[in-house]
Amino acid sequence: MGKDTIADIITSIRNTDMDRKGTVRIPSTNITENIVKTLLREGFVENVRKHRESDKYFLVLTLRYRRNRKGSYKTILNLKGISRPGLRIYSNYQRIPRILGGMGIVILSTSRGIMTDREARLERIGGEVLCYIW
């Protein structure tokens with residue numbers, strides 16, 4: 001785990017998704033909790049629980065899969081980190097990108113907290129573009 005906690009979370013979720021393990025454990029901070037709540041609210045994550053080991057808290061995510069007719073499982077979660085410590089990407093509410101014509105979501109860090117692109121457009125506020133999810 002490095003200094004960029006959001007990229008670490010995205011990488012952990014993506015790696016677990018590719019390995020088809022189903023559950024991923026990430027360190028619990030205020031930012032990660034808000035991002036995970038957004039993922040849960042939008043239906044990309046099935047379940048979230050808080051776990052404590054020694055004196056550190058972790059979030060345990062259960063990822064959502066969909067089953068094909070052939071019986072194989074297909075992931076429904078694609079993540080791409082946008083803003084990073086060396087290059088912050090900001091957007092006003094009019095220029096927030098639309099992912100897959102509105103099928104995906106953009107997670108933003110705004111002055112009113114972490115929210116999706118739809119919520120930011122409704123409240124007419126912009127912020128830092130954290131990641132794309134589709």
Side-chain angles (χ1 to χ4, degrees):
M1 295 286 171
K3 299 270 186 203
D4 190 6
T5 58
I6 296 167
D8 292 339
I9 293 165
I10 290 170
T11 303
S12 298
I13 293 172
R14 191 182 308 123
N15 289 342
T16 303
D17 193 32
M18 285 191 295
D19 287 344
R20 302 208 194 286
K21 290 188 179 176
T23 60
V24 61
R25 192 179 86 166
I26 57 174
S28 177
T29 62
N30 288 337
I31 294 172
T32 59
E33 285 182 17
N34 289 329
I35 290 174
V36 167
K37 284 178 189 174
T38 304
L39 289 174
L40 184 65
R41 190 174 60 237
E42 292 293 322
F44 290 104
V45 175
E46 195 170 304
N47 188 14
V48 178
R49 70 176 205 271
K50 204 167 191 176
H51 180 67
R52 182 178 181 198
E53 276 186 24
S54 59
D55 59 344
K56 293 185 180 183
Y57 286 95
F58 294 96
L59 295 173
V60 180
L61 309 175
T62 305
L63 302 179
R64 178 168 285 178
Y65 293 98
R66 99 179 141 208
R67 194 168 188 171
N68 290 341
R69 291 181 188 168
K70 298 176 185 175
S72 63
Y73 289 94
K74 184 178 181 183
T75 62
I76 59 170
L77 185 65
N78 292 311
L79 299 154
K80 182 178 182 186
I82 302 302
S83 194
R84 53 192 170 99
L87 179 64
R88 303 284 186 189
I89 305 295
Y90 295 96
S91 177
N92 62 8
Y93 76 94
Q94 296 163 334
R95 297 189 187 266
I96 297 173
R98 293 186 190 273
I99 306 302
L100 293 177
M103 297 293 288
I105 64 170
V106 177
I107 294 183
L108 297 156
S109 176
T110 65
S111 59
R112 296 187 192 154
I114 292 178
M115 60 179 64
T116 64
D117 56 341
R118 283 180 237 122
E119 295 167 348
R121 282 190 197 98
L122 284 175
E123 295 190 24
R124 299 176 70 95
I125 56 174
E128 181 182 354
V129 180
L130 298 178
C131 61
Y132 297 159
I133 303 169
W134 70 95

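- Under the 4.5 Å side-chain criterion, counting only non-hydrogen atoms from C-beta, Thr16 is in contact with Leu63.
- Counting only distance, with no hydrogens or angles, the side chain of Asp17 and the backbone of Ile13 share no donor-acceptor pair below 3.5 Å.
- Cluster annotation: Ile9 and Val60 are assigned to distinct hydrophobic clusters (Ile/Leu/Val/Met/Phe/Trp/Tyr, side-chain heavy-atom contacts under 4.5 Å, transitive).
- Each of Arg52, Lys56, Lys50 was checked for a side chain to side chain contact (heavy atoms under 4.5 Å, CB included) with Ser28, and the lone residue meeting it is Lys50.
- Checking side-chain atoms of Arg14 against main-chain N and O of Asn78 turns up no donor-acceptor pair under 3.5 Å.
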As a quick check of understanding, evaluate side chain to side chain donor-acceptor pair (under 3.5 Å) for Tyr93 and Arg121, giving each step before the final call. CA-CA 5 Å; Tyr93 76 94; Arg121 282 190 197 98; over 6 Å; no
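- Under a hydrophobic clustering in which Ile, Leu, Val, Met, Phe, Trp and Tyr are joined whenever their side-chain heavy atoms come within less than 4.5 Å, directly or via other members, Ile31 and Ile133 fall into the same cluster.
- By the neighbour-count criterion of 12 heavy atoms within 6.0 Å, atom CG of Asn30 is sparsely surrounded, having that number or fewer from other residues, nucleotides or ligands.
- Between the side chain of Thr32 and the backbone N or O of Thr29, at least one donor-acceptor pair lies under 3.5 Å.
- The distance from atom OG1 of Thr23 to atom CG of Asn47, rounded to the nearest 0.5 Å, is 10.5 Å.
- Separating the CD1 atom in Ile107 from the CG atom in Asp117 is a distance of 9.5 Å, to the nearest 0.5 Å.
- The side-chain heavy atoms of Tyr132 and Ile82, taken from C-beta on, include a pair separated by under 4.5 Å.
- Annotation: side chain of Ile105 is in contact with side chain of Arg118 (closest heavy-atom distance under 4.5 Å).
- In this structure, CD1 on Ile89 lies 13.5 Å from SG on Cys131, to the nearest 0.5 angstrom.
- Nearest heavy atom pair, residue Ile96 against residue Ala120, reads CD1-CB, 3.8 Å.
- The line from CD1 of Ile6 to CG of Leu130 is 4.5 Å long, rounded to the nearest 0.5 Å.
- Between atom OG1 of residue Thr11 and atom CG of residue Leu79 there is a gap of 9.0 Å, rounded to the nearest 0.5 Å.
- The OG1 atom of Thr110 sits 3.5 Å away from atom CD1 of Ile125, with the distance rounded to the nearest 0.5 Å.
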Just do the side chain to side chain donor-acceptor pair (under 3.5 Å) check on Ser83 and Glu128 with the steps written out, would you? CA-CA 7 Å; Ser83 194; Glu128 181 182 354; 2.6 Å; yes
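- Val48 is not connected to Phe58 by any chain of hydrophobic side-chain contacts under 4.5 Å among Ile, Leu, Val, Met, Phe, Trp and Tyr, and they are in different clusters.
- Across all their heavy atoms, Ile10 and Gly81 have their closest contact at CD1-CA, 3.7 Å.
- Tyr57 and Leu61 fall into different hydrophobic clusters, defined by Ile, Leu, Val, Met, Phe, Trp and Tyr side-chain heavy atoms under 4.5 Å apart, directly or through other members.
- Residue Ile114 is tested with Ile35, Val36, Leu108 for a side chain to side chain contact (heavy atoms under 4.5 Å, CB included); the sole match is Ile35.
- At a threshold of 4.5 Å between side-chain heavy atoms, the hydrophobic network of Ile, Leu, Val, Met, Phe, Trp and Tyr places Val106 and Tyr90 in two separate groups.
- Taking 4.0 Å as the cut-off between side-chain N and carboxylate O, Glu119 and Arg41 count as a salt-bridged pair.
- The shortest side-chain heavy-atom distance between Glu123 and Met115 falls under the 4.5 Å cut-off.
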What's the verdict on salt bridge (charged side-chain N to carboxylate O under 4.0 Å, His left out) for Lys37 and Glu42, showing C-alpha distance, side-chain angles and the deciding distance? CA-CA 9 Å; Lys37 284 178 189 174; Glu42 292 293 322; over 6 Å; no
